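Below: the structure, in structure tokens.
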Protein chains: 2
Amino acid sequence: MPRLTDARKELRRTQIAEAAVRCFSRNGLKRTSIADITAESGLSAGSIYAHYRNKADLVQAAARETLDKRDGTISEYAAADAPPSPDELLSRLIAAIDPAEARVGVQTWGESTTDPAIRDIVADTTDRMRAMVHDCVTAWLVKVEHHDPPHAREFATPIAHQVMALYQAELLYTALRTPAEETPS
Amino acid sequence: MPRLTDARKELRRTQIAEAAVRCFSRNGLKRTSIADITAESGLSAGSIYAHYRNKADLVQAAARETLDKRDGTISEYAAADAPPSPDELLSRLIAAIDPAEARVGVQTWGESTTDPAIRDIVADTTDRMRAMVHDCVTAWLVKVEHHDPPHAREFATPIAHQVMALYQAELLYTALRTPAEETPS
DNA sequence: GTCTATACGAAGATAGAC
DNA sequence: GTCTATCTTCGTATAGAC
């Protein structure tokens, strides 16, 4: 197993994907051409197609990267001795929003309405994040509010739903509020 | 003033826009070609360009049509003797969601991140709808809960914000839940 | 105003050298 | 693996007849 080689390959892939995310953030999923990504990444078209089958494949990678980025922190909150309240959790989630990622995230929502592969990615990442929020709210109910665990899990469900909705709305408003930079055409 | 002629012109415009919305709902904003819209509308490319300057113009018309459709009913609620509670209002808004329009709406959000004209349309329609929700919640506070009007308007603001967020989240979930029909390619 | 036919440009993807 | 150069397809928009 050439593990080191695989690692280098993966590094290039993320390098390309990150350049793509920057382009998408400025110009959108469809208006971004391969030429834009070559300019942003410093690589060539041939090189990009050596790492991604086609543009759709690259868009999927960018979507995963953008949508997954939020996941790390929430699980830490749930494990804390004094988990944050739902209001506090929401505040922290909103504070962590990056405008560029918000734009790509909302673009991804739009794409998910017609592209099944993107749809699955959005559904998966949304479900995973909701589960984490649910865990965090449950932990707060148990550890701070002293509910008993079985009741807490049930009680947490509509609260997690609300937190997610308010977070996603804020994502949309951030994307609307902070326009992309002018295209340097 | 050829008022009748103008009315016919406007009729054709909406005929074209409605065909466009159906195409967008299936295939998305960018993957829909003018040829698709000619097929759906029964008109020709030349005819379409006689009514819309270009595709972007047509997309804007479709966005307005889709996003405005929700507006009519809410103002009636606010004027009622017993305005609906926020929960009831939200239920009615959600019940009125049409999956096809939800998809185009979410696509419009995505487009708004990079297209200033679409951004303005989304921002305007969102603000208008939020204002109507705010009026409705205020009316409920005054007429049903017997708050005094000045206090009610202020108290209604965060509630309206929540109703909007939950509604928009439901719009997104509807778009995710109901995939577009297969493209009959 | 509506049609058919087409010009023009753009972008995805590949070939082949290094 | 990476590059340059190019092929090919597709879609917007227009021209010109009716």
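Values reported hereafter were calculated over all heavy atoms of this structure, with side chains retained and with hydrogens, waters and symmetry mates removed. A note on names: the letters A, B, ... follow the listed sequences, proteins ahead of strands, and every chain is numbered from 1. Keep in mind the model is a prediction, meaning the values are calculated, not measured.
Rounding to whole angstrom units, CD of residue B:Gln15 and P of C:dG1 are separated by 13 Å. Rounded to a whole Å, the CD1 atom of B:Ile48 is 12 Å from the P atom of C:dT4. In this structure, B:Ile34 places its CD1 atom 16 Å from P of C:dT4, rounding to the nearest Å. Rounded to whole angstrom, the span from the NZ atom of B:Lys30 across to the P atom of C:dA10 amounts to 15 Å. The separation between B:Arg31 atom CZ and D:dT12 atom P is 13 Å, rounded to whole Å. The CD1-C1' distance, from B:Ile37 to D:dG11, rounds to 12 Å in whole Å. Atom pair A:Asp57:CG and C:dA13:P shows a separation of 10 Å (rounding to whole Å applied). The CZ atom of A:Arg13 sits 12 Å away from the P atom of D:dG1 (whole-angstrom rounding).
Under 4.0 angstrom from either OP1 or OP2 of D:dG1 there lies at least one side-chain N or O belonging to A:Lys9. The phosphate of C:dT2 (OP1 or OP2) has a side-chain N or O of B:Arg12 nearer than 4.0 angstrom.
Comparing D:dT2, C:dA13, D:dG11 against the side chain of A:Ser44 picks out D:dT2 as the nearest. The side chain of B:Leu43 lies closest to C:dC3, out of C:dA11, C:dC3, D:dT2. Considering only side-chain atoms of A:Tyr49, the nucleotide from D:dT14, C:dA13, D:dT2 that sits closest is C:dA13.
Counting any heavy atom pair closer than 4.0 Å across all strands shown, A:Thr32 reaches sugar-phosphate atoms only and no base atom.
In summary, B:Asp36 and B:Arg31 do not engage in a salt bridge, as defined by a charged side-chain N under 4.0 Å from a carboxylate O. Taking the charged nitrogens against the carboxylate oxygens, A:Arg119 and A:Asp124 have no contact shorter than 4.0 Å, which rules out a salt bridge.
Residues forming a side-chain hydrogen bond (donor to acceptor under 3.5 Å, both in side chains) with B:Lys30 (at least two apart in sequence, or on another chain): B:Glu111.
Under a hydrophobic-cluster definition in which Ile, Leu, Val, Met, Phe, Trp and Tyr are linked whenever side-chain heavy atoms come within less than 4.5 Å, directly or via other members, A:Val142 and A:Met132 are assigned to different clusters.
A donor-acceptor contact shorter than 3.5 Å links the side chain of B:Arg103 to the backbone of B:Ser25.
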